[in-house]
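One is the number of the first residue; the rest follow in order along the sequence.
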Amino acid sequence: MVSAKDVVNFFIMCSARPERMTNMRANKLAYYSQAWSIVRLGHPLFQDSIEAWEHGPVIQSIYRAYSVYRNNPIPAPESVSFLDHFSEEERQLLIDVSREYDTMSTWQLRNLTHSESEPWCKVYKPHEKHTIIPTNLIESCFKELIPLPRISLEDSFSAIPVVDALPLEWEDDGWEEDVSQ
């Protein structure tokens, strides 16, 4: 089994915008990875508990490991050896989670975890710390959602149109190139 820190390192390395990878964002992406792993793979991705904190689900080990960075970006890991800890289906899951959530801002992710259908909303109590979000609650909530899309690299490229022939006429009227220079 991988560690929650391995999952966060994956997202730091694969994010289109690593400068946005803060502690809060890392926790939200790890949470969604755990939730979708439980539903898709039938088991948790990592052993750490997920707790209901004021700003949504938090994995305490991740929070502590990266709290020194506060709201600043978490630096990339020095080694990529952690990638060996993932099975092929776990890597695919993390790629799919990244595709689904990486385009959202950190606050969009935070707000998404606060929606009524989310497990956090069902267990969070203000002024109570370290309330664990039960795995079975995560599973039941996420099973009700539309499944996380699974898109292989081949499928991604097959969606790109292929041009078999050039058009007979160009549609660039009004534009002329100055070839005298």
dist Ile62:CD1 -> Lys5:NZ (nearest 0.5 Å) comes out at 7.5 Å
Q. Side-chain contact, heavy-atom cut-off 4.5 Å: Pro147 with Val39?
A. no
Taken in chain and number order and not counting sequence neighbours, the residues that satisfy ring pair (Phe, Tyr, Trp, His ring centres under 6.0 Å) with His85 are none
Residues 65-91 vs salt bridge (Lys or Arg N to Asp or Glu O under 4.0 Å), sequence neighbours excluded, gives none
Applying ring pair (Phe, Tyr, Trp, His ring centres under 6.0 Å) to Tyr124 and not counting sequence neighbours gives Trp120
With clusters defined by side-chain heavy atoms of hydrophobic residues (ILVMFWY) lying less than 4.5 Å apart, directly or transitively, does Tyr66 cluster with Ile50? yes
Ring pair (Phe, Tyr, Trp, His ring centres under 6.0 Å) filter on Phe10, not counting sequence neighbours, yields Phe86
For this session: Find out whether Lys28 and Thr113 are in side-chain contact, i.e. whether some heavy atom of one side chain is under 4.5 Å from a heavy atom of the other.
Result: yes
Rounding to 0.5 Å, atoms CG (Leu94) and OH (Tyr32) come to a distance of 15.5 Å
Starting from the C-alpha separation in whole Å, work towards a yes-or-no answer on side-chain contact (heavy atoms from CB on, under 4.5 Å) for His43 and Ile38.
CA-CA 5 Å; His43 60 81; Ile38 292 166; over 6 Å; no
When rounded to the nearest 0.5 Å, the distance separating CD of Gln60 from CG of Asn27 is 10.0 Å
The salt bridge (charged side-chain N to carboxylate O under 4.0 Å, His left out) partners of Arg40 (sequence neighbours excluded) come to Asp96
What one should report as the nearest heavy-atom pair of Pro119 and Ile133 is CB-CG2, 3.5 Å
Sequence neighbours excluded, the answer for side-chain contact (heavy atoms from CB on, under 4.5 Å) partners of Ala30 is Val7, Val8, Phe46, Ile59
Between Ser49 and Ile132 the two heavy atoms that sit nearest each other are OG-CD1, 3.9 Å
Between Ala76 and Ile12 the two heavy atoms that sit nearest each other are CA-CG2, 3.6 Å
The side-chain contact (heavy atoms from CB on, under 4.5 Å) partners of His127 (sequence neighbours excluded) come to none
Apart from Trp107 itself, members of its ILVMFWY cluster (side-chain separation under 4.5 Å) are Met24
Closest heavy-atom pair, Ser115 versus Cys121, reported as atoms and distance to 0.1 Å, is O-CB, 3.5 Å
Contacts of Ser67 meeting side-chain contact (heavy atoms from CB on, under 4.5 Å) (sequence neighbours excluded), chain-then-number -> Asn23, Tyr63
Going only through I, L, V, M, F, W and Y residues with side-chain contacts under 4.5 Å, is there a path from Leu83 to Val97? yes
- Query: Backbone N or O of Trp53 within a donor-acceptor pair of the Lys129 side chain at under 3.5 Å?
  - Reply: no
What do the steps show when you test Ile74 against Phe11 for side-chain contact (heavy atoms from CB on, under 4.5 Å), and what is the final call?
CA-CA 11 Å; Ile74 300 168; Phe11 287 117; over 6 Å; no
Rounded to the nearest 0.5 Å, the OG1 atom of Thr106 sits from the CG atom of Asn111 at a distance of 11.0 Å
Report, one line per pair, each donor and acceptor closer than 3.5 Å where one atom sits in a side chain of residues 13-21; sequence neighbours left out.
unit_1: Ser15; atom_1: OG; unit_2: Arg17; atom_2: N; d: 3.0
unit_1: Ser15; atom_1: OG; unit_2: Arg17; atom_2: O; d: 3.3
unit_1: Ser15; atom_1: OG; unit_2: Asp102; atom_2: OD1; d: 3.1
unit_1: Arg17; atom_1: NE; unit_2: Glu19; atom_2: OE2; d: 3.0
unit_1: Arg20; atom_1: NH2; unit_2: Asp102; atom_2: O; d: 2.4
unit_1: Arg20; atom_1: NH2; unit_2: Met104; atom_2: O; d: 3.3

Point to revise | Close side-chain approach of Pro126 to Glu54, heavy-atom, < 4.5 Å | key: no
- request: Please step through side-chain contact (heavy atoms from CB on, under 4.5 Å) for the pair Arg25 and Leu109, ending with a clear verdict.
  value: CA-CA 7 Å; Arg25 183 175 192 79; Leu109 290 171; 3.5 Å; yes
Here the salt bridge (Lys or Arg N to Asp or Glu O under 4.0 Å) pairs for residues 105-127, sequence neighbours left out, are none
The reported gap from OG in Ser3 to CG in Asn9 (rounded to nearest 0.5 angstrom) is 7.5 Å
On a heavy-atom basis, the closest approach of Ser61 and Ala4 is OG-CB, 4.3 Å
So the salt bridge (Lys or Arg N to Asp or Glu O under 4.0 Å) pairs with at least one residue in residues 137-147 (sequence neighbours excluded) are Glu139-Lys143
- Item | Main-chain N/O of Tyr69 paired to Asn72 side chain as donor or acceptor, under 3.5 Å | yes
May I ask you to test the Leu148-Leu93 pair for a side-chain heavy-atom distance under 4.5 Å? yes
